[in-house]
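Sequence lines set the chain letters: A, B, ... in the order given, protein chains first and strands last, and positions in each chain run from 1.
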Protein chains: 2
Amino acid sequence: MFDDETFLKKVLLFKNLPHDQLKKILEISEKKVFRKGQTIFTEGDPADGIYVLREGKVKVFKLSLDGKEQVLHFIGEGGVFGEVAVFLGEPFPASAEAQSESTVLFIPRSSFFDLLKNDPTISMNMLALLSLRLKEFVHLIDTISLKDVSQRVSTYLLFIAEKKDNIVDLRIKKSELASFLGTIPETLSRVLTKMVKTGLIKMEGARIEITNPEELKRIAIGEKSLFL
Amino acid sequence: MFDDETFLKKVLLFKNLPHDQLKKILEISEKKVFRKGQTIFTEGDPADGIYVLREGKVKVFKLSLDGKEQVLHFIGEGGVFGEVAVFLGEPFPASAEAQSESTVLFIPRSSFFDLLKNDPTISMNMLALLSLRLKEFVHLIDTISLKDVSQRVSTYLLFIAEKKDNIVDLRIKKSELASFLGTIPETLSRVLTKMVKTGLIKMEGARIEITNPEELKRIAIGEKSLFL
DNA sequence: CGCATGATTGACAGCAGTCAAGATGTGTGG
DNA sequence: CCACACATCTTGACTGCTGTCAATCATGCG
């Protein structure tokens, strides 16, 4: 565990900031704790500030009227969320919920704008952050709109297993992965089961081992495969 | 028709800039013309700069391997595109094509960064621009993932007809609208025909009149309707 | 007029969602 | 440490929306 300043240094948004600037950020930020399952903000709430996740896990998501959920992104430690609405001066376009006991640093809107005005480094970091989000969203749109579920699952598994020796340790519930991939738990379950049966992967609970990465890659890019 | 500087003033990205700054931008920018249907850049191309649409229409889109297309956004005059990849220093994540004869101002990557460094106003404008894009993408993801095609079409028609006396003048091909809404021309056609038959809208080519906005709104938000 | 492009319609197929039941896993309190 | 309760995951049967393929119709332009 780090002290707060050491933590801030590791946050993309506050990279390359001098000591006194970091201290100032800590002064104006407010620490809040949320329990597992607790709502941090709901779509439509006025956006009063931005959030930096100090510890825990958070998901940002959209809900339809009939209760279906689409996860927009999972926030990990050091991640920032709620920033878009703050810039636009509009209500939050999505909701955020703690997936486990979570501590966040909350920076009020006006204080955050002061920071931006006085420090071009933060502006540049923010631009990089937003660009990264946009790229992720482009990828998500592409995934949901142009790929079938088998392709989505293959792509996801390969992405997570990258540089990890073909081992995927799902750190989220499968139902939430389903929601992120734009599908439902039943369908995800069926796809994974089929992959196990055809020898593409091995699965023990939340631990998945990719046993045939080449074929999985072929499925991911949409080539017809005899394995499904 | 405006002269170039008058044009730049109307571009969101260059709002509130002094005369000499605008002049500088014009100096470093390069004018390029594309014919209808011509490719401006393709997904995977190195991102060498950002584009400002001076005149014409441009679509930014993703293609899947088997040829399906998802439109990410339509760019109108004064619109900016290609900026995300420039910030990330990565290849373009999507492709851009002129939908009609188009003139663009191209600002090379390095020059653009010079501008950003020297003028905090541009940075702030850029932050607003990227935030707006993110919001649009959230909406698009929501649309594609959580709504059926009838809902998508209803929402779109109501959005476009807003403050326009319930008249929608599609300024794009229906096939491209279909691609933007995450579906195909056949399905869009069927949905529109059904709406005509149930008296929700009247349609003459690309001109659509909403004759029953209340019921259309009900469909848009997903309430069951007897009209479909 | 005739070709090209886009829009529409029809018949059909299939992927993925719904509903419901059962299996598995996890955590808590006795 | 066990047992029970609850959450999550899995499986099955079924439905239906939407995509595919193909033919026809409408429109516009040289």
I need the [atom1]-[atom2] distance between [X] and [N], as an integer number of Å.
X	N	atom1	atom2	answer
Leu188(A)	dT18(C)	CG	C1'	17 Å
Asp66(A)	dT18(C)	CG	C1'	12 Å
Asp148(B)	dT18(C)	CG	P	11 Å
Lys68(A)	dC17(D)	NZ	C1'	11 Å
Ile144(B)	dT18(D)	CD1	P	13 Å
Lys147(A)	dC15(C)	NZ	C1'	17 Å
Met203(A)	dT11(D)	CE	C1'	12 Å
Gln70(A)	dG17(C)	CD	P	11 Å

* For Ser131(A) against Leu130(B), the heavy-atom pair lying closest together -> OG-CD1, 3.8 Å
* Asked: What is the distance from atom CG of Leu157(A) to atom OG1 of Thr155(A), rounded to the nearest 0.5 Å?
  -> 9.0 Å
* Asked: According to a strict under-4.0 Å criterion, is Thr187(A) in side-chain N/O contact with OP1 or OP2 of dA16(C)?
  -> no
* Ser179(A) versus Glu69(A), side-chain donor and acceptor atoms under 3.5 Å -> yes
* Does the side chain of Glu101(B) come under 3.5 Å of the side chain of Gln38(B) through a donor N or O and an acceptor N or O? -> no
* Asked: What residues in residues 171-185 of chain B put a non-hydrogen atom under 4.0 Å from any atom of DNA chain D?
  -> Gly182(B), Thr183(B), Ile184(B)
* NZ or CZ of Lys59(A) within 45° of Phe74(A) ring axis and under 6.0 Å -> no
* Asked: Between Phe180(B) and Phe61(B), does the ring centroid distance fall short of 6.0 Å?
  -> no
* Parallel, tilted or perpendicular: rings of Phe87(A) and Phe112(A) (30°, 60°) -> perpendicular
* **Annotated protein contacts, base or backbone, on nucleotides 19-29 of chain C with a non-hydrogen cut-off under 4.0 Å, one of B, S, - each** => BB---------
* Ion pair Lys57(B)/Glu97(B), N-O distance below 4.0 Å -> no
* Asked: Of all residues at least two apart in sequence or in a different chain, which pass the ring pair (Phe, Tyr, Trp, His ring centres under 6.0 Å) check with Phe137(B)?
  -> His73(B)
